[in-house]
Amino acid sequence: MPELPEVETVRRVLCRRVLDRRIEQVEVLERRLRMPVALDFASRLEGRTIRELRRRAKYLIACLDDDCVWIVHLGMSGKLIAVPPDRPRERHDHLVLRLAGPLELRFHDPRRFGLAVVLAPNELAAWPPFRSLGPDPLVDGLDPEDLWHRVHASGRSIKDLLMDQGVVAGLGNIYVNEVLARAGVRPAARACRLPRATVERIASEIPLLLQEAVRWCGTTFSDYRDGDDRAGEFQRHLRVYGRTGEPCRSCGTAIRRSARGNRGTFYCPRCQK
DNA sequence: CGGTGGACCTGCTGGC
DNA sequence: TGCCAGCAGGTCCACC
C-alpha cells in the first residue's frame with residue numbers, strides 16, 4: 001500500500017498533530033507484526049515526547065526527547081492516525097499511544113506486514129533494514145550517474161530493478177509502473193540494454209512524479225489513509241496503474257496488464273518501448 | 001554474488 | 001447464499 005508519497009503525506013499530517021506532545025500511555029494490543037513488537041516497547045515510549053518526525057524511504061522515524069527513535073513501517077495495509085480517544089476502536093488496531101492533548105495515535109494494520117521498533121541512537125545506522133537502503137529520491141536526491149551504473153550492470157528487468165529498495169529507496173509497485181509510463185519504457189525491458197539518455201530520463205522523472213503525488217496527498221486504492229484518516233487523490237492522475245483496458249492518456253491505446261510476474265504490471269503498448 | 005519464487009497475513013471480489 | 005480461487009500498494013529468506 002503505502003509507498004514514499006503516502007508515507008510522506010502521513011508524516012506531514014502527523015507533524016501538525018503530534019509534535020511536542022508527551023506520550024502518556026502506550027497500549028500494545030497485538031505484538032505479532034513483521035517483527036514482534038518488543039516487550040519493552042511501551043515502557044520505552046511512555047513519558048517521552050516526539051520532537052521531530054522524519055522519513056526515510058517508506059519508514060517513518062519519530063525522534064524522541066531521549067534521542068531514541070521510534071520507527072514505523074506501514075507494510076501493505078498499515079495506517080498511523082491521530083484521532084480523538086472516544087472514537088471507537090477497530091479490529092486490527094494494534095498499538096495505541098495516548099498523547100497529552102486531544103488526540104491519540106493508533107497503528108492499525110490488518111495484514112500485519114507493518115513494523116514498529118524503538119532504537120537507541122547508536123543502533124540506528126546498523127539497523128538491518130536501513131543498512132541496505134539506496135538513496136531516497138526526495139531526501140538524498142538521485143544521482144543519474146549512480147543510477148546509470150546500477151542499471152547498466154543489471155541483467156534484470158528495469159521494473160524489478162526499480163522495485164529494489166537498494167537501488168532507489170521508496171518506490172513500490174504503483175510508482176514504478178507510473179515512472180516507466182512517463183519515461184516511455186516497457187517494464188519488461190532489460191535494464192542493461194537501456195540507452196543512457198533513457199536512464200537519465202527515468203532518473204529525472206522519479207522525483208517529479210513523487211513530488212506530484214505528495215501534492216495530491218498520495219494514492220488511495222483501498223486501504224491507504226493519511227494521518228487524519230483521509231484518502232489521497234493521486235489515483236485520479238495515474239497514467240497506467242490499475243487502468244487495464246482504459247485508454248492511454250496520450251495516445252488512446254488500451255492499457256495492458258502483463259500476464260506474467262507476481263505483481264500487477266501496467267503499460268501502454270504504443271507509448272512504452 | 002545476483003536473481004527468483006515463495007512465505008508471511010487478512011480481506012475483498014468475482015466466478016461458479 | 002456459500003465456497004473457493006485469486007489478488008492486493010512490501011519485505012525477507014531459502015535456494016539456484
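The sequence lines fix the lettering, A, B, ..., with proteins before strands; numbering per chain opens at 1.
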Between [X] and [Y], is there a side-chain N and carboxylate O pair less than 4.0 Å apart?
X: A/R54; Y: A/E52; value: yes
X: A/D109; Y: A/K79; value: no
X: A/R48; Y: A/D65; value: yes

Give one of base, sugar-phosphate or nothing for A/R34, where a contact means two heavy atoms less than 4.0 Å apart.
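Result for A/R34 = sugar-phosphate.
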When we call it a touch if two heavy atoms are under 4.0 Å apart, what does A/Y241 touch: a base, just sugar-phosphate, or nothing?
sugar-phosphate
Nearest-angstrom distance from the residue atom [atom1] of [X] to [atom2] of [N]:
X: A/E30; N: B/dT10; atom1: CD; atom2: P; answer: 9 Å
X: A/W127; N: C/dT11; atom1: CH2; atom2: P; answer: 10 Å
X: A/L74; N: C/dT11; atom1: CG; atom2: C1'; answer: 14 Å
X: A/Q165; N: C/dC12; atom1: CD; atom2: P; answer: 9 Å
X: A/L4; N: C/dT11; atom1: CG; atom2: P; answer: 11 Å
X: A/H108; N: B/dC9; atom1: NE2; atom2: C1'; answer: 13 Å
X: A/F266; N: C/dC7; atom1: CZ; atom2: P; answer: 11 Å
X: A/M76; N: C/dC7; atom1: CE; atom2: P; answer: 13 Å

Per the salt bridge (charged side-chain N to carboxylate O under 4.0 Å, His left out) rule, what does the pair list look like for [range], sequence neighbours excluded?
range: residues 164-175 of chain A; answer: A/R156-A/D164
range: residues 143-154 of chain A; answer: A/E145-A/R196
range: residues 202-218 of chain A; answer: A/R182-A/E212, A/R201-A/E205

Taking the nucleotide of DNA chain C with the nearest heavy atom to each, does A/N173 or A/S132 sit closer to the 5' end?
A/N173
Please give me every residue in residues 228-238 of chain A whose heavy atoms get under 4.0 Å of an atom in DNA chain B, ordered by residue number.
none
Does C/dT11 have A/F113 stacked on its base, where the ring centres are within less than 5.5 Å and the planes differ by under 30°?
no
Where the side chain of A/R112 is concerned, which of B/dC9, C/dA8, C/dC12 is the nearest nucleotide?
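The answer is B/dC9, which lies nearest to the side chain.
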List for me each residue that meets ring pair (Phe, Tyr, Trp, His ring centres under 6.0 Å) alongside A/F266, sequence neighbours excluded, and say none if there are none.
A/Y241
Is it the case that the side chains of A/E6 and A/Y175 hold a donor-acceptor pair, with the cut-off being a distance below 3.5 Å and no angle test?
yes
No-hydrogen, no-angle side-chain donor-acceptor test under 3.5 Å, A/D226 and A/T9
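The answer is no; no qualifying pair exists.
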Would you be so kind as to tabulate the donor-acceptor pairs closer than 3.5 Å made by side chains of residues 165-172 of chain A, with sequence neighbours excluded?
from   : atom 1 : to     : atom 2 : distance (Å)
A/Q165 : OE1    : A/G170 : N      : 2.9
A/Q165 : NE2    : A/M163 : O      : 3.1
A/Q165 : NE2    : A/L171 : O      : 2.8

Distance between the P atoms of B/dC9 and C/dA14, in whole angstroms?
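To the nearest whole Å, 16 Å.
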Rest of the hydrophobic cluster containing A/Y267 (Ile/Leu/Val/Met/Phe/Trp/Tyr, side-chain heavy atoms under 4.5 Å)?
none
Connected hydrophobic set around A/V69, excluding itself, where side chains approach under 4.5 Å:
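Once heavy-atom contacts under 4.5 Å are chained together, A/V69 belongs with A/M35, A/Y59, A/I61, A/I71, A/L115, A/V117, A/L119, A/L124, A/W127, A/F130, A/L133.
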Enumerate the residue pairs fulfilling side chain to side chain donor-acceptor pair (under 3.5 Å) with a member in residues 89-98 of chain A, sequence neighbours excluded, ordered by first and then second residue.
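Listed by first then second residue: A/Q25-A/R98, A/E27-A/R89, A/D93-A/H108.
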Canonical and wobble pairing (Watson-Crick, G-U, under 3.5 Å) of DNA chain C, dot-bracket with |
.|||||||.|||||||
For A/R239 versus A/E178, what's the shortest heavy-atom pair and its separation?
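Between these two residues, the closest heavy atoms are N-OE1, 2.6 Å.
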Please list, for nucleotides 11-14 of chain B, all pairs of protein and nucleotide N/O atoms separated by less than 3.5 Å.
from   : atom 1 : to    : atom 2 : distance (Å)
B/dG11 : OP1    : A/R91 : NE     : 3.0
B/dG11 : OP1    : A/R91 : NH2    : 3.4
B/dG11 : OP1    : A/H92 : NE2    : 2.5
B/dG11 : OP2    : A/R91 : NH2    : 3.4

Would you tabulate the nitrogen or oxygen pairs shorter than 3.5 Å linking the protein to nucleotides 2-6 of chain B?
from  : atom 1 : to     : atom 2 : distance (Å)
B/dG3 : OP1    : A/S154 : OG     : 3.4
B/dG3 : OP1    : A/G155 : N      : 3.2

